[in-house]
J.: 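Below you will find the structure I want to go over with you.
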Amino acid sequence: MRTIRVTGKGQIKVKPDMTRITITLEGMYPDYAETLRHSSENTDSLKDVLAAFGFERTDLKTLSFNVDTEYESYKDHGAYKQRFVGYRFKHILKVEFDSDNERLGKILYALGNCDLNPEFRISYTVKDPEAAKNELLGKAVKDAKEKAAVITAAASVTLKDIQSIDYSWGEIEFEVSPMNRLMKACAPVVASADLSYDLDIEPDDIEVADTVTVVWEIA
């Protein structure tokens with residue numbers, strides 16, 4: 001059997017419609033159990049802050065969590081040594097919601113003025129990534145077919161049945177970050193669901209690309 005193998009490329013632009021806030025909570029304590037307790041209490045407090053804006057407690061998702069030992073250097077009789085100072089936890093979480101600058105401003109004000117002192121980052125994504133992935137795959141297959149038609153016409157051969165389609169199925173990240181730095185507010189503690197930062201953010205379209213390889217029998 002004679003075959004032809006062609007790789008097609010699909011490219012799309014997707015308008016983001018979901019806002020993602022990535023929040024980092026950190027703390028260090030001398031005892032391991034105490035570190036875990038404070039981490040749990042801080043997470044509960046963060047859920048309380050978000051609940052004022054219509055979020056369920058389960059809407060706050062953990063991206064990563066770790067506890068590491070912390071040491072400091074000191075000088076003893078002219079030699080540098082290290083000593084244990086405690087356990088540091090780092091809990092990274094996310095919350096997502098339909099894009100709304102007014103709601104975002106209120107949430108950021110609450111985060112910036114709560115006593116948890118979190119770091120946070122704003123990014124934008126899409127509500128239905130599977131639909132975007134399917135569109136991307138369709139464009140890649142169409143591109144492969146168009147290229148195959150050009151090649152076979154030039155070679156005076158005919159495309160027959162598809163023998164195989166190879167697609168990576170890799171994870172495509174639909175995310176854009178207009179402000180990709182972590183922000184840490186230093187304002188005094190003021191808690192109110194009515195106070196807000198005035199934000200006017202219009203994220204750019206998310207550009208993604210992927211490839212698919214198709215093998216046809218030719219005659």
Side-chain angles (χ1 to χ4, degrees), residues 8-26 42-43 45-64 90-143 168-212:
K9 183 175 182 180
Q11 291 179 297
I12 60 171
K13 289 185 177 182
V14 185
K15 184 174 179 60
D17 54 9
M18 293 284 288
T19 299
R20 176 184 296 165
I21 304 177
T22 304
I23 304 164
T24 302
L25 299 174
E26 288 187 274
N42 287 0
T43 302
S45 296
L46 180 59
K47 290 179 179 179
D48 290 338
V49 171
L50 294 173
F53 304 98
F55 291 103
E56 299 292 335
R57 302 184 79 78
T58 53
D59 290 336
L60 186 65
K61 307 294 187 183
T62 292
L63 295 176
S64 69
K90 185 173 185 179
H91 195 179
I92 302 177
L93 311 102
K94 72 172 182 178
V95 64
E96 297 177 339
F97 54 95
D98 291 346
S99 292
D100 179 340
N101 278 333
E102 182 178 353
R103 189 183 186 192
L104 175 61
K106 291 180 178 181
I107 295 170
L108 294 186
Y109 190 93
L111 290 175
N113 290 276
C114 72
D115 56 5
L116 294 173
N117 197 30
E119 293 184 334
F120 48 90
R121 180 173 66 89
I122 305 168
S123 59
Y124 295 87
T125 184
V126 294
K127 186 184 300 185
D128 190 359
E130 289 306 315
K133 290 177 184 178
N134 290 339
E135 181 185 355
L136 187 62
L137 177 58
K139 286 183 176 292
V141 172
K142 182 180 178 181
D143 182 58
S168 66
W169 299 105
E171 186 63 29
I172 300 173
E173 187 62 35
F174 292 89
E175 185 178 13
V176 61
S177 302
M179 297 176 288
N180 54 20
R181 290 176 53 192
L182 283 171
M183 295 174 286
K184 196 167 187 175
C186 301
V189 177
V190 179
S192 173
D194 297 323
L195 298 175
S196 173
Y197 291 131
D198 186 14
L199 298 176
D200 185 11
I201 302 174
E202 184 63 36
D204 198 4
D205 290 346
I206 301 171
E207 297 187 37
V208 289
D210 207 352
T211 59
V212 62

J.: Just how far is it from atom CZ of Phe174 to atom CG of Asp17, taken to the nearest 0.5 Å?
T.: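 Between atom CZ of Phe174 and atom CG of Asp17 there are 11.5 Å.
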J.: Not counting sequence neighbours, which residues clear side-chain hydrogen bond (donor to acceptor under 3.5 Å, both in side chains) with Thr125? List them please.
T.: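 Thr125 satisfies side-chain hydrogen bond (donor to acceptor under 3.5 Å, both in side chains) with no residue once adjacent residues are dropped.
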J.: By side-chain contact (heavy atoms from CB on, under 4.5 Å), which residues pair with Lys13, not counting sequence neighbours?
T.: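 Per chain and number, Lys13 pairs via side-chain contact (heavy atoms from CB on, under 4.5 Å) with Asp205, Glu207.
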J.: What distance separates Glu26 CD from Asn42 CG, expressed to the nearest 0.5 Å?
T.: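 Glu26 CD to Asn42 CG: 11.0 Å, rounded to 0.5 Å.
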J.: With the side chain counted from C-beta on, respond yes when Phe97 and Leu104 share a heavy-atom pair under 4.5 Å apart, and no when they do not.
T.: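 Yes, close enough: below the 4.5 Å cut-off.
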J.: State, with a plain yes or no, whether a side-chain heavy atom of Val208 is found less than 4.5 Å away from one of Ile12.
T.: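 The answer is yes; the side chains approach within 4.5 Å.
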J.: Taking side-chain contact (heavy atoms from CB on, under 4.5 Å) as the definition, give me every residue that meets it alongside Thr62, ordered by chain and number, with sequence neighbours left out.
T.: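 Per chain and number, Thr62 pairs via side-chain contact (heavy atoms from CB on, under 4.5 Å) with Phe65, His91, Leu93.
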J.: Between Asp98 and Met18, does a side chain to side chain contact (heavy atoms under 4.5 Å, CB included) hold up when you go through it step by step?
T.: CA-CA 5 Å; Asp98 291 346; Met18 293 284 288; 3.2 Å; yes
J.: Where do Phe120 and Ile21 come nearest, in terms of heavy atoms and distance?
T.: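 Result for this residue pair: CB-CG2, 4.1 Å.
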J.: Rounded at 0.5 Å granularity, tell me how far CD in Glu96 sits from NZ in Lys61.
T.: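 These two atoms lie 9.5 Å from each other.
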J.: Distance-only check: which donor-acceptor pairs under 3.5 Å involve side-chain atoms of residues 48-60, not counting sequence neighbours?
T.:
from	atom 1	to	atom 2	distance (Å)
Asp48	OD1	Arg57	NH1	2.8
Asp48	OD1	Arg57	NH2	3.4
Arg57	NH2	Asp44	O	3.3
Asp59	OD2	Glu56	N	2.8

J.: Minimum heavy-atom separation for Ile122 and Leu108, please, with both atom names.
T.: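 Closest pair (atom of Ile122, atom of Leu108, distance): CD1-CD1, 3.3 Å.
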J.: Nearest heavy-atom pair of Leu111 and Ile23: which atoms, and what distance?
T.: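 Looks like CD1-CD1, 4.1 Å.
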J.: Would Lys94 and Glu175 pass as an ion pair if we require N to O under 4.0 Å?
T.: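 Looking at Glu175 together with Lys94, the answer is no, because their closest N to O distance does not fall below 4.0 Å.
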J.: Please check if the number of heavy atoms outside Lys139 that lie under 6.0 Å from its NZ is greater than 12.
T.: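 No, not enclosed.
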J.: Can you name the nearest heavy-atom pair linking Lys15 to Val126, along with the distance?
T.: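 That closest heavy-atom pairing would be O-CG1, 3.9 Å.
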J.: Between Ile201 and Asn101, is any pair of side-chain heavy atoms under 4.5 Å apart?
T.: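 Yes, side chains in contact.
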J.: Roughly how far, to the nearest 0.5 Å, is NZ of Lys90 from CG of Leu25?
T.: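 Separation between the atoms: 11.0 Å.
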J.: Taking side-chain hydrogen bond (donor to acceptor under 3.5 Å, both in side chains) as the definition, give me every residue that meets it alongside Asp210, ordered by chain and number, with sequence neighbours left out.
T.: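 Asp210: side-chain hydrogen bond (donor to acceptor under 3.5 Å, both in side chains) contacts with Tyr167.
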J.: For Pro203 and Val176, which heavy atoms make the closest approach, and how far apart are they?
T.: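 Looking at all heavy atoms of both residues, the closest pair is CB-CG1, 4.2 Å.
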J.: Shortest non-hydrogen contact from Ile92 to Thr22?
T.: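 That would be CG2-CG2, 3.7 Å.
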J.: Could you work out, with side-chain contact (heavy atoms from CB on, under 4.5 Å) as the rule, every residue matching Lys9, not counting sequence neighbours?
T.: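 Residues passing side-chain contact (heavy atoms from CB on, under 4.5 Å) with Lys9: Gln11, Asp143, Ala209, Thr211.
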